[in-house]
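What follows is a single structure, written as structure tokens, with notes after it.
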Amino acid sequence: MTLRLHAVSGGYGRGAVVDGVDLDVSRGEIVSVLGPSGSGKSTLLRMIAGLHPLTSGGISFDGRDITAVPTHRRGVGLVPQDGALFPRRTVAGNVAYGLPGVSARRAASHPEVRRLLDLVQLSDLADRLPHQLSGGQRQRVAVARALAARPGVVLLDEPFNALDAALRAEVRTGVCALLREVGVAALLITHDRAEAFLAADRVAVFRDGSIAQIGSPGEVYRHPVSAEVACLTGDVVDVPPVLRGGAPDGVVRPSQISLDPKGGVRAVVTAVRDAGERQIVSVRMAGGEVLDIDCSAFSLPPEAGSEVGLRLD
Ligand SMILES: Nc1ncnc2c1ncn2[C@@H]1O[C@H](COP(=O)(O)OP(=O)(O)OP(=O)(O)O)[C@@H](O)[C@H]1O
């Protein structure tokens, strides 16, 4: 049922880059791994794929210990950052690479290759070479190739980085739907906070080689276990005690503060910036503290110099 990591540790020479990671991922589930550069995310993925040794701990899948199983027999598919397609193989030839005994020449007519190309909606492009594809199409070929060996686990290492924002969202939605449909246990590494929350069933926040917090997107965003996790997972604002009222000290997200037409804590608007998808209203409170409030792009913002009320949700 599940990919299971138990106290997985390892690194390069002295010191652990991955340090005691426990993680379960079920079939049909996508867990995103979000963390700063150099925190060990790719190393963890390479360990699961069997491309980097563990110094301690173990990895199992469906109850079978795969810690010492060679990469090609683990049932793990890898989708690298840039797709890493073979440039001289056609789309079908790339997909066939994951299928033992299927030659690149015969790939386009092989039923399994055709099934996979159907899945990623690239059947019409089976004979093209990678350089004749868009970035999004290349990534879909990489996903089809990773799925070819019918893996139980798919690992995606920042697979959408090369795509522009609109295409990125479209390809991500399609790929994630496909992973759920196929029913693999998927781990998605990303630097992109919004992507980590949108794509996954659970978000694992990675810090210095271990998981600082794991939970549903809502849990992690609304109830981060530390200020550090809060900063890694979204914007935070420093709110003066007067606005906090009796609320305990904790992390406040910008979207928790709103303008209160009927009351609230008084403040003076110092500036209004129209940032397109939102408007930022800067205010100064009685104690001199300055805050930026996010307002809807479609609301009528207060004028600079006017007095407003603030509320913490
Ligand atoms: N082949 C290697 N030899 C020695 N050190 C390495 C090697 N690969 C990675 N490291 C180091 O291990 C640490 C973790 O690297 P890793 O690539 O796993 O981080 P990451 O979280 O994936 O980073 P990024 O988000 O930038 O890709 C870094 O300090 C890196 O310098």
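We count ligands from 1, going down the list as the structure has it; atoms in each ligand are counted the same way.
Side chains of M285 and V242 form a contact here, defined as non-hydrogen atoms less than 4.5 Å apart. When side chains are defined from C-beta on, L259 counts as touching L310, because their heavy atoms get closer than 4.5 Å. Between V21 and I211, some side-chain heavy-atom pair lies under the 4.5 Å cut-off.
Ligand 1 is surrounded by Y12, V17, P36, S37, G38, S39, G40, K41, S42, T43, E158, H191, each with at least one heavy atom closer than 4.0 Å.
A salt bridge does not link R253 to D294: none of the charged nitrogens lies less than 4.0 Å from a carboxylate oxygen.
Tested against L3, the residues I48, V184, D24 include a single side chain to side chain contact (heavy atoms under 4.5 Å, CB included) partner, I48.
Residues in residues 204-225 take part in these ring pair (Phe, Tyr, Trp, His ring centres under 6.0 Å) pairs, two or more places apart or across chains: F197-Y221.
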